[in-house]
Amino acid sequence: MTFAEIILPLHLKGTFTYKIPEDLVEKSEAGMRVLVPFRGKKIYTGIIFKIHQEEPTAFIAKEIISLLDEVAILPKEQLQFWEWVSDYYLCFLGDIYRYSFPSSLKLESETYLKLKPHVTIDFQNLDSNEMYLIQALEVRQLINLTDVEAFIPKKEIVKTIHGLLELQYIEIDEKIAEKYKIKEVSYVKIKPDLLKNLELSNIINELKRAKKQQELFLSILEHQTDHPEKPLRKSTLLNDGLFGVSQVKSLIDKGFVEEYFLEKDRLQSYEGEIEEIDSLSDAQNLINEEIEEAFSKNENVLLHGVTSSGKTHLYLEQIETTINQGKNVLFLLPEIAITKQISQRLEKKYGKKLGFYHQKLTDFERVEVWRKIKNNEIQILIGTRNSLFLPFKNLGLIVVDEEHDTQYRKFENNFFYNGKDSALVLAKFHNANVILGSATPSVESYHLATSGKLKYIYLSERFGNVKLPTFELINFKEEQDFKKVKGNFSNFLITELQKNADSGKQAMILHNRRGFSNVLECETCGYVNYCSNCDVVMTYHKSAHEMKCHYCGQKASKPQFCPKCHGQKLNERGVGVEQIHDELKVLLPNLEIDRMDVDSMRKKFAYEKLYEKIEAEETNIIVGTQMISKGLDFENVDIVAIPKADSLLHIQNFRAEERAYQLILQVAGRAGRVSGKGKVYIQTYNPQHQIFQMIQEENPKIIYDYLLEERKKFKYPPFVKTIFIELKHRKEDKVERSARFLGSVLRKYIPEVCILGPEKSPIAKINTLYQYQILLKLPRSKDYTTYKNFVKKSLEEFDEITSYKTIKKEIYVDF
DNA sequence: AGCACGCCGACT
DNA sequence: GTCGGCGTGCTC
């Protein structure tokens, strides 16, 4: 008897044991998809995780209905990776499965059945249910499991289907092919039999009273004679605006032109010419040799290169080397919006061998990437961290660009993982190399590199010896005392911005807070507007004329007077980016000033439009949130200013200083990329702050040593391993009780010094759920595994309390 | 997670 | 008298 551990696409712990029917034992393999019954009537697509011979004792295993794959859809490296993710990040395999697979590859009761072609059915031997199903299938070729419920009792569905499958009367539809329709593009051509000169002139003559149609006909003809090999897309004809759909249709109706369809890749692949990439400079060649030497010693690389130091160039070189070895490349980015530069450069060279993958693709597009990865048609995949879960086989290199970015570490679809760390693990399973790249590496990666776990390579100079921007601190307190300020800007900064614009240069202003003002407060009674779902005040958005909650997205109209005491005066407190933008428009009325943040970029193509505008130098100053620190490489920006830099440090988080440093440096990197005359102005009340002082130093070691020292002193990563647990529930007393319980269970096993909390989360309620948190700081040693097992055990004990089952748990390992 | 079962409040 | 709320149990 052979059994299989099956991963089901459900938020449930572990795997489920099913019996593999005798006739399928030979064909079964870990990584294949199977159809299994679950909870009586429901049918799910599961994944074979393991195959074994141990019959379960506690329950009777049900049988697998059928195999959906002939070869494993998930390679063993990927299964290993899933197992690691689930074990390390304390999450369910079912959640990983749900997160990784495009939904059309894991159909549930939506799965379709059909009659096997060319079978003669012996109705004598069928029971009534089987008969109903066959009859239904004779009427409609395809039938969905949910539809079957209409005429077969729920409990007998599986039995009926199973019976008919066994009799070979019906089969599971290979729905990927059915559901997934290949996208076709329409093309036009002159009817081939008309291409005799005599006929052509007749036709042209015939069309002389329909001038537009004649023109269109001639234009198609011209294209065909000029580029006989290149099919002409209908949409290109229409896009010019010269011709309309009706004219094309008339020509088709008259039988002069023919419309035909060609299969089109749903993914927009590059159709232009393939170009060589520039060769490396001498300095880059040296670095490249260092990288190769590290790889030859099986070491991964941290490429710490100041902004525009040519990291991309080095990536490209390694990508090429990897491809030439017949292996594939995964290129990770924090978000897909910033692929522009890298993909443009890669497209030129690799064209169709390039693929893209991210959370914004449609299901069809995802299936296509899956298929291409499986067929080895994609050699380079550019994607966000979820690409790590694609069924790679032949990985030779993973690049993690902007490795410090917070987008790599977030909680999504029921689990938390760090894309950068996971990339290192996945690479190990594939024996692949990794390059982590950043201008401002995370403190953790820097520590790994300087303690020898990664090869550290520092590029201190910009490519082509362009000078790095210089920093200037503006003591805002002093400026205020001397009455040399207007609102949030010092007169000095305003003058510099004006001069900069006068000399034809652009500037960027960073203010990392959305909205116009943080709070509206009643002058008389102090009333502030709280969000009804969350324990936070609503932010005033002046341009949208409303109050917004930044945590749940709730909107409310701006109150005209205090709803409590009817006071007329509502004070705006706390400065948002909208206000900075408005102020600047008043202070520099002759300049074109635009704002870039999630609120102003929400409209379709807003980002693209502004991008073009900046590129065309039609704007003088861009005011924005952290959004402006990513992916905006404009040649003409010389000044970057941070008017209220102190706000970057006022975040209650052990990474606040690191993040402030990274954000300032990243945005500073936008300045003087070509001119080498980049200037960064930091206005602060506290110019003595270490971070501001150290940012001016060109040696990053100083700042990293400082940050590491702080982490050591206050026991934070990388010197301890953290596990952060957040419990959420609609009822506050219930979460509080449960959190206290979990705290006490943890304290049974883990020393007091390692446990912080439980305590109310800094934001006590988000989206109608109250939240409590526990932070574990575990020693970084061999004991870590022991402690982690205790955490697992504690969580299991927690789960045993039935009334705590409704409490949502979020677990962040390496928080 | 989902879905059924079972036990207490406000309504045609 | 019911409809329906959500607490509890269970899924191979």
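Naming: A, B, ... by sequence-line order, numbering from 1 per chain. Since we're looking at a predicted model, the values are computed, not measured.
When A/Y812, A/F724, A/F815, A/W84 are each tested for a ring pair (Phe, Tyr, Trp, His ring centres under 6.0 Å) with A/Y89, only one passes: A/W84.
If you measure from atom CG of A/L93 to atom P of B/dA1, you get 16 Å, rounded to the nearest angstrom. In this structure, A/H11 atom NE2 and B/dG2 atom P are separated by 10 Å, rounded to whole Å. Between the CG atom of A/N414 and the C1' atom of B/dG2 there is a distance of 13 Å, rounded to whole Å. For the pair A/F38 CZ and B/dC3 P, the interatomic distance rounds to 12 Å; values are reported in whole Å.
At the heavy-atom level, A/K731 lies under 4.0 Å from the strands shown only through sugar-phosphate atoms.
Side-chain rings of A/Y770 and A/H729 stay apart, their centers remaining 6.0 Å or farther from each other. Taking the six-membered ring for Trp and the full ring otherwise, A/F101 and A/Y97 have centroids separated by under 6.0 Å.
Every residue two or more places apart in sequence or in another chain that forms a side chain to side chain contact (heavy atoms under 4.5 Å, CB included) with A/N413 is listed here: A/Y99, A/Q359. Taking A/H358 as the reference, nothing meets the ring-ring contact (aromatic ring centres under 6.0 Å, His included) condition, with sequence neighbours excluded.
Salt-bridge annotation for A/D814 and A/K721: present, with a side-chain N of the basic residue lying under 4.0 Å from a carboxylate O of the acidic one. In this structure, A/R409 does not pair ionically with A/D421, as no charged nitrogen and carboxylate oxygen lie closer than 4.0 Å.
Looking only at distances, no side-chain donor or acceptor of A/E77 sits under 3.5 Å from a matching main-chain atom of A/L426. A donor-acceptor pair is defined here as one N or O able to donate and one able to accept, closer than 3.5 Å; such a pair exists between the side chain of A/E130 and the backbone of A/D127. Judged by distance alone, the side chain of A/E63 and the main-chain N or O of A/Y18 form no donor-acceptor pair under 3.5 Å.
Near-neighbour residues of DNA chain C inside residues 791-813 of chain A, defined by a heavy atom below 4.0 Å, number-ordered: A/T802, A/S803. Of the residues in residues 16-28 of chain A, those lying under 4.0 Å from DNA chain C by heavy-atom distance are A/F16, A/T17, A/Y18.
The list of salt bridge (Lys or Arg N to Asp or Glu O under 4.0 Å) pairs with a residue in residues 784-793 of chain A, not counting sequence neighbours, reads A/D87-A/K792.
Between chain A and DNA chain C, the heavy-atom contact criterion of under 4.0 Å yields a 5' to 3' nucleotide range of C/dG7 to C/dC12.
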